[in-house]
2 protein chains.
Amino acid sequence: MQIRLLVVEDEQPIREMLKMVLSYQNMIIIEAETGNAALEILKTEPVDLMLLDWMLPDISGIEIAKRIKSNSNLSKIPVIMLTAKGEEDDKIRGLECGADDYVTKPFSPKELTARIKAVLRRVNPSKDDKEISFENIRLDPKSHAVTVSDQNVKLGPLEFKLLHFFLTHQNKVYSREQLLDNVWGTNVFVEERTVDVHIRRLRKAISVNGADQFIKTIRGAGYIFAS
Amino acid sequence: MQIRLLVVEDEQPIREMLKMVLSYQNMIIIEAETGNAALEILKTEPVDLMLLDWMLPDISGIEIAKRIKSNSNLSKIPVIMLTAKGEEDDKIRGLECGADDYVTKPFSPKELTARIKAVLRRVNPSKDDKEISFENIRLDPKSHAVTVSDQNVKLGPLEFKLLHFFLTHQNKVYSREQLLDNVWGTNVFVEERTVDVHIRRLRKAISVNGADQFIKTIRGAGYIFAS
DNA sequence: AAATACTGTAACAATTGTGTAACACGGGTA
DNA sequence: TACCCGTGTTACACAATTGTTACAGTATTT
């Protein structure tokens, strides 16, 4: 899944650097130069995590963090503070503003991405790895195992994700575009017809004897998983 | 249950901070300003976990960690190193002295408590020093001995930890990242591909005649230990 | 029925992931 | 010092997965 990252930083070169580093990690970067701009963005854009500079031209980073954490709507957005070297001592005192982690400049790309991922992991503890079964199909996310009529079935990563998606989203038609968004991930550029091919592969894999019973084609609309 | 925490740190403000943060988490804080003081305390007080500053006036943190880890009485006390930013590179090596994790200053309270709990969870499962056996593999954490089909097998420290982790976490896929977190320790910056190499080494070590039966690759997801 | 639009399918190409060996490096030790 | 050991990194080969395309087939419209 793509991570949407709001970077609040007034110095343009640092923003550039962050953008390069983080987009390379397949994250979506939303930029804000000032605290007010950041607060505006938060009103409209979904954000998974904030990188917040300590020193900003208008509202200080710590003030923004406080406001976010006291806004019940936003309080669950994790915040990583960027602090310059030497400001450290103040920062230790400021820890109570609710930031989830700190990174001091200069930082290595590896460290930054590691911390981002660590924070997201800490905040977002494992969600759905519960076994799902439906008719003769059983799928266990933990072990990545799929059985059809108790026969082990080998699926490629995408087929696995696709089946998982269908099992958790039954009885609703999904267009090729929606499937691309949900299974492939947003902003990947693949032909819609590619979906057909993977549907075909998945159908083949979960069919009992040449006949798949569950994935139905809705001509002109997309596909639906139903019994 | 109350956790008894020994904090070894010479700077008073940081000790204060730690005390506030950690006692808020319902932990009992025992303080030591110097390495010698810490070693004295360890002789008499029961301690569940140590927070050890890297730089101390007398004995260095790494030296203390080593002594503890080589003292059979104390070696099971987990140690978290506190390192100042910039000393990092050397510190990464510090994990090899036996520390279970390290945290760089400045750190957020959340991060610190999360790490403490993680380490305790990782170390504590009382079965931690119970012998584990599975099929033809036997592993004794106490003596660090591993046998495969009753043949002694020599494993490096990391391979040992990796095997131990797999034996205690079977039938679930772990990504390279998760394995790094759980086996190498959080926030060590190591390439993910390094995991592959160690998997390879471990596979080789526990294979009976060229064939490893248990560590399976789940393409695109990670590795799983299962029969 | 013909034309059109949409989907199924196979074959191929491109991309990506993994296994593996070789090497580099640092710490400890003889 | 030189050597050994454990670890991390990298490059390359190979294998698996995925994307694209063309064509065949089927439904829908005119």
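Chain identifiers are assigned alphabetically (A, B, ...) following the order of the sequence lines, protein sequences preceding nucleic acid strands; residue numbering begins at 1 within each chain.
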* To do: Scan A:Leu162 against the nucleic acid and name what it touches under 4.0 Å (heavy atoms): base, sugar-phosphate only, or nothing.
  => nothing
* Structure fact -> Note: A:Ser133 and A:Arg138 closest approach over all heavy atoms is CB-CG, 3.8 Å
[N] OP1/OP2 closer than 4.0 Å to side-chain N/O of [X]:
X: A:Arg203; N: C:dG8; value: yes
X: B:Trp184; N: D:dT7; value: no
X: A:His198; N: D:dG19; value: yes
X: B:Thr217; N: C:dG19; value: yes
X: A:Lys154; N: D:dA16; value: no
X: B:Arg193; N: C:dG17; value: no

* Would you mind telling me which residue lines up with the more 5' stretch of DNA chain D, A:Pro157 or B:Pro157, judged by nearest nucleotide? => B:Pro157
d([atom1], [X]; [atom2], [N]) in whole Å:
X: A:Leu180; N: D:dT18; atom1: CG; atom2: P; answer: 13 Å
X: A:Lys216; N: C:dT7; atom1: NZ; atom2: C1'; answer: 17 Å
X: A:Leu158; N: C:dT15; atom1: CG; atom2: P; answer: 16 Å
X: A:Lys204; N: D:dT17; atom1: NZ; atom2: P; answer: 14 Å
X: B:Glu192; N: C:dG19; atom1: CD; atom2: P; answer: 14 Å
X: A:Arg219; N: D:dT28; atom1: CZ; atom2: P; answer: 6 Å
X: B:Ile215; N: C:dT18; atom1: CD1; atom2: C1'; answer: 14 Å
X: B:Glu191; N: D:dT7; atom1: CD; atom2: P; answer: 18 Å

* To do: Say whether, by atom type as modelled, one donor and one acceptor occur between the side chain of A:Glu9 and the main chain of A:Glu11 under 3.5 angstrom.
  => yes
* Heavy-atom donor-acceptor pair, B:Gln151 side chain to B:Val148 backbone, under 3.5 Å -> no
* Asked: Ignoring hydrogens and angles, does a donor from either the side chain of A:Arg201 or the base of D:dG19 sit under 3.5 Å from an acceptor on the other?
  -> yes
Nearest to the side chain of [X], which nucleotide is it out of [options]?
X: A:Asp196; options: C:dG8, C:dT18, D:dT20; answer: C:dG8
X: B:Val197; options: C:dT7, D:dT9, D:dG19; answer: D:dT9
X: A:Tyr223; options: D:dT9, C:dT7, D:dG19; answer: C:dT7

Can you find a pair of side-chain heavy atoms, one from [X] and one from [Y], that are under 4.5 Å apart?
X: B:Phe214; Y: B:Phe166; result: no
X: A:Ile224; Y: A:Tyr174; result: no
X: A:Ile29; Y: A:Glu31; result: yes

* Which residue lies more 5' along DNA chain C, comparing A:Ile218 with B:Gly220 via nearest heavy atoms -> A:Ile218
